[in-house]
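Throughout, protein chains are lettered first and strands after them, A, B, ... in sequence-line order, and every chain is numbered starting at 1.
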Amino acid sequence: MTDPLFEYLCRMGDNTLVLSHRVSEWCGVAPVLEEDIALANTALDLIGQTQLWLGLAGEIEGKGRDADTLAFRRDVWDFRNVLLAEQPNGDFGQTMMRQYLFDAWHLLQLKALKGSSNAQISAIAEKAVKEVTYHVERSGDTVIGLGDGTEESHQRMQKALDRLWPYVGELFVSDAVDQALSAKGIAPEPTSLREEYDTAVDAVLAEATLTRPDSDFAHQGGKTGVRHTEHLGHMLTEMQWLQRAYPDATW
Amino acid sequence: MSSPETSPYKGTEAADHGPARHNEWPLWEIFIRGQHGLSHRHVGSLHAPDAEMAIKNARDVYTRRNEGVSIWAVEADNIAASSPEEKGSLYEPSNAKVYRHPTFFDIPDEVGAM
């Protein structure tokens, strides 16, 4: 098995990298100017966090790979992001629902990582938690506004929730990597965050007049890299196009 | 729902860009205080469905480069503005009152630059 710490840092960095790229796809085409800028800001926050996580991953690995190499020179099977992050944007409502479901977990995760026994991880979490506190406020407010909005927006948000809920469970699945790190006090057990997540999400969904799906069926395979959805490959061909066509190109 | 159309302030006319879009979010004027101790300064406007989102949008649109420590959002409808037609009676009378400028005092050299 590869070093669990490297694996874990790739999970954190790939989550923010892939989600950031997805969010950046709205740049210039969001429904209103203000949302366009806000989404771009979120994407940039996430890219900044990616540089820190993948930078540290490369350092830990010690094979001379930096954040850029990890981001642009790996293919689908080496990515360790959760499946939720790679889901397509859909309409604006689906994008904001995906964002909220991720942000709510991300905030709890980072708060826990602030107490990590690894000083570098704790420092990254300390910086990121401020950004993500705002992300979840904004995405949560938007989910409430659209869910409890018009008939059309409500119906679209419910559809988005039904579509994305099966990808939430993977955030809380624990495996050997998680267990190795939580034993050393480096990272929290994913399962330990579930209760607080459900409480927070239920409160927002209630205010948004949306119904959480009954089933807790969870698609899995993203954070282990075993089975990404088809969407990630398509996204990477765009994101990595330049480095694939012109390796080591700089400007 | 943001658009280049300006909404009219009470008692004034908007620039002529055609009618505002149907169901457009209200226009908010944004004031930002750059540093503690300075006053809030008008930085621009934006559209938002309510006050809370106006603050959030202002944060995202106008403080991206660390410009501010405090944001005020005022719905444009609530701003009373002077009318351009009144400029004669409002401002011209002060043109001829040079004695209102404190330029007639001799300042001792010891005071230095003021």
A.B. asks: Testing the basics here: between A/E34 and B/H47, what is the closest heavy-atom pair and its distance to 0.1 Å?
C.D. replies: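 A/E34 and B/H47 have their closest heavy atoms at OE2-N, 2.7 Å.
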A.B. asks: Within a reach of under 6.0 Å around CD of A/E207, are more than 12 heavy atoms found that belong to other residues, nucleotides or ligands?
C.D. replies: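 No, CD of A/E207 has 12 or fewer neighbouring heavy atoms, counting only those of other groups under 6.0 Å.
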A.B. asks: For B/N66, does the CG atom have more than 12 heavy-atom neighbours from other residues, nucleotides or ligands under 6.0 Å away?
C.D. replies: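 Atom CG in B/N66 is not packed in, count stays at 12 or less.
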A.B. asks: CE/B/M53 to CG/A/D141 distance, rounded to the nearest 0.5 angstrom?
C.D. replies: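 That separation rounds to 6.5 Å.
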A.B. asks: With B/V61 as reference, evaluate A/I37, A/D36, A/L33 under the side chain to side chain contact (heavy atoms under 4.5 Å, CB included) test and give the passing residue.
C.D. replies: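 The passing option is A/I37.
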A.B. asks: Quick one: which residues of residues 146-162 of chain A reach chain B at under 4.5 angstrom, heavy atoms only?
C.D. replies: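 Those residues of residues 146-162 of chain A which would need a heavy atom under 4.5 Å from chain B do not exist here.
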A.B. asks: Heavy-atom pairs under 4.5 Å with chain A are the metric here; pick the option from B/D50, B/D60, B/N57 that has the most.
C.D. replies: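 Of B/D50, B/D60, B/N57, B/D60 has the most heavy-atom pairs under 4.5 Å with chain A.
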A.B. asks: Taking CZ in B/R64 as the centre, count heavy atoms belonging to other residues, nucleotides or ligands within less than 6.0 Å. Is the count above 12?
C.D. replies: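 Above 12, so yes.
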A.B. asks: When the side chains of residues 96-112 of chain B are checked against the rest of the protein, which donor-acceptor pairs come out under 3.5 Å, sequence neighbours left out?
C.D. replies:
residue	atom	partner	partner atom	Å
B/K97	NZ	B/P93	O	2.7

A.B. asks: What pairs with A/D66 under side-chain hydrogen bond (donor to acceptor under 3.5 Å, both in side chains), at least two apart in sequence or on another chain?
C.D. replies: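 So A/D66 forms a side-chain hydrogen bond (donor to acceptor under 3.5 Å, both in side chains) with A/T69.
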A.B. asks: Tell me whether B/E67 at atom CD has more than 12 heavy atoms from other residues, nucleotides or ligands lying less than 6.0 Å away.
C.D. replies: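 Yes, enclosed.
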A.B. asks: Any side-chain heavy atom of A/R138 within less than 4.5 Å of one from B/R59?
C.D. replies: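 When only atoms from C-beta onward are counted, B/R59 and A/R138 do not touch, as no gap falls below 4.5 Å.
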A.B. asks: Within a 6.0 Å radius of atom CD on A/E137, are there more than 12 heavy atoms belonging to other residues, nucleotides or ligands?
C.D. replies: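 Enclosed.
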A.B. asks: What do you reckon, is CD of A/E196 surrounded by more than 12 foreign heavy atoms closer than 6.0 Å?
C.D. replies: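 Count not over threshold, so no.
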A.B. asks: Taking only heavy atoms into account, what residues of residues 93-116 of chain A are found under 4.5 Å from chain B?
C.D. replies: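 Under the 4.5 Å heavy-atom cut-off, nothing qualifies.
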